[in-house]
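Single-structure report; data block below.
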Amino acid sequence: MSSLLLEHGPQTAAELAGRLGISPAAVRRHLDGLVAAGRVTEREAPGGQRGRGRPARRFALTDAGRESFPHAYDDLALTALRFVAEHGGPEAVRAVAEQQLSGLAQRCSTAVESAIEQAEPGSEDVDRAQVLAVALTAEGYAATASAISSGGQLCQHHCPVAHVAAEFPQLCEAETAVISRLVGTHVQRLATIAHGDGICTTHIPAQLALRAGLRAGNKATSARPVPAGRATASEHPTAGASTRTTPSIDRERTPA
């Protein structure tokens with residue numbers, strides 16, 4: 001039925017019934033389900049008053065309904081990035097990737113800042129990795145954060161650009177840089193969906209917290225980075241903790 005609406009445009013239940021060879025009542029039951037799911041919208045047909053009965057209604061696909069049909073977005077993105085790579089080189093592709101992720105970075109940064117502001121006065125007990133996981137989930141990444149003995153892990157169970165990132169790793173690198181800035185420490189990519197792994201896994205070392213007052217894009221401006229798990233109130237780094245102020249990005253493939 002959705003295919004008929006796509007091919008022939010808005011139609012009444014009677015018109016659809018005629019094309020399908022079934023009763024209008026059966027068509028309306030199916031349309032009711034599509035309307036409830038947000039895939040079809042119902043509106044009064046122009047000049048559709050039918051005598052003493054109710055006005056004729058036409059049904060049309062919504063944007064969500066059209067999304068259920070195949071798209072060539074990945075092909076378009078690949079063609080565009082191949083052109084950029086050919087004429088501008090890898091750094092041009094990197095610039096495109098960073099620009100693409102700038103909106104995501106800003107929205108996730110806002111979520112982290114909001115969590116810091118809502119924390120109790122004087123408290124540094126803000127788990128940025130957990131907050132970031134929630135923000136990424138809202139963006140379609142199906143993300144989770146968990147604590148491990150050596151720190152924490154941020155896992156993304158879905159990658160909206162996996163097919164493109166498989167050819168252009170600059171997308172993964174730019175995304176990792178965003179994660180690094182938002183948690184306030186260097187991170188290490190252990191696995192990515194784009195490279196054939198089941199989950200994008202980012203390791204976040206267990207290190208001391210940046211003070212909650214460091215906002216402004218959540219960039220690391222101190223030698224005291226934020227942990228993946230709960231932050232501590234200590235003001236001095238533990239032995240062996242990184243003192244780099246610029247987050248570094250490493251990737252280590254998990255064994256097959």
Side-chain angles (χ1 to χ4, degrees), residues 1-11 16 33-41 43 58-111 132-144 154-182 187 189-202 217 247 249-251 253-254:
M1 193 170 299
S2 295
S3 297
L4 289 176
L5 292 174
L6 181 69
E7 183 178 353
H8 299 285
Q11 299 169 72
L16 288 167
L34 292 174
V35 170
R39 296 174 59 184
V40 168
T41 185
R43 54 179 177 264
R58 284 189 175 273
F59 297 87
L61 287 176
T62 62
D63 289 341
R66 291 180 180 276
E67 286 295 326
S68 64
F69 292 90
H71 293 282
Y73 297 146
D74 283 354
D75 291 342
L76 177 61
L78 282 169
T79 299
L81 285 179
R82 286 166 184 162
F83 182 87
V84 170
E86 180 181 352
H87 291 82
E91 288 306 312
V93 175
R94 190 181 310 280
V96 171
E98 291 173 352
Q99 178 62 36
Q100 168 65 22
L101 286 169
S102 62
L104 170 71
Q106 182 57 52
R107 291 188 294 275
C108 290
S109 176
T110 299
L132 181 56
V134 173
L136 287 172
T137 295
E139 298 284 340
Y141 287 83
T144 58
L154 179 68
C155 296
Q156 296 156 249
H157 300 265
H158 176 66
C159 176
V161 295
H163 291 93
V164 180
E167 183 171 338
F168 293 99
Q170 291 94 332
L171 290 168
C172 290
E173 293 164 4
E175 184 181 286
T176 306
V178 168
I179 294 172
S180 180
R181 289 197 301 271
L182 291 178
V187 299
R189 268 280 163 95
L190 303 179
T192 62
I193 294 172
H195 286 80
D197 301 300
I199 301 172
C200 293
T201 305
T202 304
I249 303 165
D250 304 301
R251 186 181 187 278
R253 293 296 308 279
T254 51

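These figures come from a predicted structure and were not determined experimentally. Side-chain atoms are counted along with the backbone in the values below, which use heavy atoms only and exclude waters and symmetry mates.
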*Looking only at atom types and distance, does a side-chain atom of Glu7 sit under 3.5 Å from a main-chain N or O of Leu5, one as donor and one as acceptor?*
no
*Spatial distance of atom OH (Tyr141) from atom CD1 (Ile193) [nearest 0.5 Å]*: 10.0 Å
*Please report the shortest heavy-atom distance between Ala143 and Leu136, naming the atom on each side.*
CB-CB, 3.8 Å
*Report yes if the side chains of Ile179 and Arg189 come closer than 4.5 Å at any heavy-atom pair, otherwise no.*
yes
*asked:* To the nearest 0.5 Å, what is the distance between OG1 on Thr176 and CZ on Arg181?
replied: 11.0 Å
_Sub-4.5 Å side-chain heavy-atom contact between Ser2 and Leu34_ = yes
*Are the side chain of His8 and the backbone of Leu4 linked by a donor-acceptor contact shorter than 3.5 Å?*
no
_Where Leu61 and Phe69 come nearest, the two heavy atoms and their spacing_ = CD1-CE1, 4.0 Å
*Determine the sole option in Thr137, Thr201, Thr144 for which the side-chain hydrogen bond (donor to acceptor under 3.5 Å, both in side chains) test with His157 is passed.*
Thr144
*Specify the closest pair of heavy atoms between Val164 and Leu78, including all atoms of both residues, with the distance to one decimal.*
CA-CD2, 3.9 Å
*Which atom names give the shortest non-hydrogen contact between Val93 and Val84, and what distance separates them?*
N-CG1, 3.8 Å
_No-hydrogen, no-angle side-chain donor-acceptor test under 3.5 Å, Arg39 and Thr62_ = no
*List in chain and number order the residues that pass salt bridge (charged side-chain N to carboxylate O under 4.0 Å, His left out) with Arg94, two or more places apart in sequence or in another chain; answer none if no residue qualifies.*
Glu91, Glu173
*Close side-chain approach of Gln156 to Thr202, heavy-atom, < 4.5 Å*: yes
*Please list all pairs passing the salt bridge (Lys or Arg N to Asp or Glu O under 4.0 Å) test where one or both residues lie in residues 68-83, with sequence neighbours left out.*
Arg82-Glu167
*For Ala162 against Ala194, the heavy-atom pair lying closest together*: O-CB, 3.7 Å
*Can you see which heavy atom on Gly140 is nearest to which on His158, and at what distance?*
O-CD2, 3.0 Å
*Is any side-chain heavy atom of Leu104 less than 4.5 Å from a side-chain heavy atom of Arg107?*
yes
*Spell out, as yes or no, whether a donor-acceptor pair under 3.5 Å connects the side chain of Ser109 to the backbone of Gln106.*
no
